[in-house]
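Here's the structure, in structure tokens; my notes come after.
FYI, side chains are in, hydrogens and waters are out, and symmetry mates aren't considered; it's all heavy atoms of this structure. Note on naming: letters A, B, ... go to the chains in the order of the sequence lines (proteins, then strands), and numbering restarts at 1 for each one.
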Protein chains: 2
Amino acid sequence: MAKVDTSLVAHLPLFAGVTPDALDEILREARSARYPKNSAIFEQGADAQSFFLLLHGHVRAAKTTPTGEQIVVRYVSPGETFGLAMAIGAARYPATAMAVDDSVALIWPTSAWPRLVERFPALAANTLQTVGTRLQESHTRILEMSTQQVEQRVAHALLRLAKQSGRKLDHGIEIDFPISRQDIAQMTGTTLHTVSRILSGWESQGLVESGRQRIILRDPHRIVVLAERNADSGAT
Amino acid sequence: MAKVDTSLVAHLPLFAGVTPDALDEILREARSARYPKNSAIFEQGADAQSFFLLLHGHVRAAKTTPTGEQIVVRYVSPGETFGLAMAIGAARYPATAMAVDDSVALIWPTSAWPRLVERFPALAANTLQTVGTRLQESHTRILEMSTQQVEQRVAHALLRLAKQSGRKLDHGIEIDFPISRQDIAQMTGTTLHTVSRILSGWESQGLVESGRQRIILRDPHRIVVLAERNADSGAT
DNA sequence: CAGGTAGTTTGCGATAGCGCAAAACGGACC
DNA sequence: GGTCCGTTTTGCGCTATCGCAAACTACCTG
């Protein structure tokens with residue numbers, strides 16, 4: 001089993017308060033794997049045999065309804081964990097994970113979790129923190145879906161993506177993994193048609209520049225204004 | 001400080017794997033308080049000085065936008081914790097908690113949490129479990145808001161309330177705390193008007209019986225059917 | 001028991017956004 | 001360099017749901 005370089009992960013929130021020796025021991029239980037762009041990492045409903053720490057790339061977690069509609073739960077960035085079904089005592093994955101870019105992740109067998117937590121209680125505390133934060137974000141998303149119009153929700157979604165995975169350009173911020181209109185629709189609870197219309201509108205105003213699975217925020221500041229504007233304070 | 005009866009709480013998930021002695025020690029750090037119906041327990045944005053375990057009654061957690069709109073995050077039932085801001089490392093409460101019925105809760109100072117977790121790691125693991133479950137539920141709610149029509153969402157919401165806090169009647173299930181049309185609207189991302197129309201419709205079909213802050217599911221089974229029917233499989 | 005307040009019902013327009021359809025576009029692969 | 005497939009754009013009609021307004025009703029209070 002290839003040795004994982006501790007220095008790459010030691011600073012992550014997951015390992016806060018874990019001694020180097022302990023970290024070494026934790027990493028010895030992991031293996032790493034490479035996932036090519038567009039490959040599935042696990043499927044919703046499958047046995048949760050592993051949990052993951054993303055090292056490189058980007059992963060999309062999506063939930064599917066019985067009728068086949070999907071929503072994007074989140075995009076995972078390097079340094080974040082995913083597939084933590086055991087954290088909620090679930091035997092099966094509640095969502096599907098797919099690499100949207102060539103990606104590399106550390107993988108632990110789910111069965112190792114109870115033992116690791118027992119030996120290193122900080123792991124549970126740290127994981128609680130990140131899961132709690134995600135719960136928060138989830139509630140914010142529900143609030144937005146309940147109270148805002150589609151345009152504002154799309155604005156918020158893009159700003160969040162830019163913050164989380166934005167690559168700074170000379171003039172603007174580019175979301176640095178491939179993302180389609182459909183993906184954005186699935187993050188905001190709308191349709192790809194509506195997203196397309198909105199982006200077209202923004203493009204003609206110089207707010208964004210976008211193409212096939214590619215979005216650049218050309219004027220983040222004005223997008224922030226859009227995002228915060230409440231529904232009725234609009235055009236004259 | 002009044003002694004809390006351990007036998008009342010020993011079986012709760014929060015204390016799974018905690019020895020009676022340890023439980024005793026944990027409870028010694030808590031006090032209990034009574035909250036009359038419609039009184040605020042804490043306000044969104046206030047310093048998170050305490051966390052809570054509900055013993056009796058029902059508590060509504062709601063989040064408010066800058067513009068004053070509200071959503072109901074959840075209803076807390078006896079045996080559940082709330083106000084766990086520290087779990088996510090937040091210094092302020094992210095929502096407002098209000099007793100919807102005369103309620104009693106155990107209260108720990110937030111400052112006690114790190115010490116308790118250190119002495120009793122099972123607390124962190126157990127809390128992780130419940131927070132994880134809530135995250136799951138949150139995602140389900142987002143999925144519903146994204147893919148279902150208002151009527152289905154209301155059906156799901158009522159069924160969930162009935163399961164969580166339903167009182168079985170001779171013929172039907174009554175939600176056993178006061179809940180308004182507005183509350184249901186805030187759980188499902190719609191308006192009280194639309195909820196009222198939907199309930200009126202259901203009432204005329206004998207699905208529910210309802211009045212001022214009171215709802216009885218008279219025919220849960222048919223409501224399940226409504227909830228699961230997808231949008232286009234409707235009337236002829 | 002009268003009056004007031006908070007919750008509920010209902011009608012009636014207005015509209016944001018959906019759903020369908022078709023065309024344009026851009027890459028990737030042969 | 002041509003072909004093919006997935007993505008994006010755009011038009012157009014439709015409708016679920018909102019928003020406002022007004023009337024109604026149940027309960028609480030004095």
With respect to the side chain of A:Val150, which nucleotide from C:dT9, D:dG19, C:dG17 is positioned closest?
C:dG17
Here the distance between atom C1' of D:dC24 and atom CZ of B:Arg181, to the nearest Å, is 14 Å
Which nucleotide in D:dT8, C:dT8, D:dT17 has an atom nearest any side-chain atom of A:Ser180
D:dT8
Between P of C:dA6 and NZ of B:Lys37, the distance in whole Å
14 Å
Would you indicate, yes or no, if C:dC18 has its OP1 or OP2 atom less than 4.0 angstrom from a side-chain nitrogen or oxygen of A:Thr190?
yes
For the residue pair A:Thr110 and A:Asp47, establish whether any side-chain heavy-atom pair is separated by less than 4.5 Å.
no
Base C:dT10 to side chain B:His193, donor-acceptor N/O within 3.5 Å cut-off:
yes
Can you find a side chain N or O atom of B:Thr191 that sits less than 4.0 Å from OP1 or OP2 on D:dC18?
yes
Rounding to a whole Å, what distance do you find between B:Trp202:CH2 and C:dT8:P?
15 Å
Ignoring backbone atoms, establish whether A:Thr194 has a side-chain N or O less than 4.0 Å from OP1 or OP2 of C:dC18.
yes
When the distance from CG of A:Asn38 to P of C:dG27 is rounded to whole Å, what number comes out?
16 Å
Test item: B:Pro178 and B:Asp101 side chains (from C-beta on) under 4.5 Å apart, heavy atoms:
yes
Taken to the nearest whole Å, CD/A:Gln213 to C1'/C:dC25 is 14 Å
Taking the side chain as every heavy atom from C-beta outward, state whether A:Thr194 and A:Thr188 have any pair of such atoms under 4.5 Å apart.
no
Below 3.5 Å, does any donor atom in the side chain of B:Arg197 face an acceptor in the base of C:dG11, or the other way round?
yes
Please give, in whole Å, the distance from D:dT7 P to A:Leu199 CG?
16 Å
Ranking C:dG27, C:dG7, C:dC18 by distance to the side chain of B:Arg212, first place goes to C:dG7
Beyond-backbone contact of B:Leu158 with B:Ile215, side-chain heavy atoms, under 4.5 angstrom:
yes
A:Gln182 atom CD is separated from D:dT8 atom P, nearest whole Å, by 9 Å
Could you state the CD-P distance from B:Gln149 to D:dC18, rounded to the nearest angstrom?
11 Å
Determine the contact category for A:Ser196: base if any of its heavy atoms lies under 4.0 Å from a base atom, sugar-phosphate if only primed atoms, P, OP1 or OP2 are that close, otherwise nothing.
base
Atom pair CD (B:Glu174) and NZ (B:Lys168), whose distance is rounded to the nearest 0.5 Å:
13.0 Å
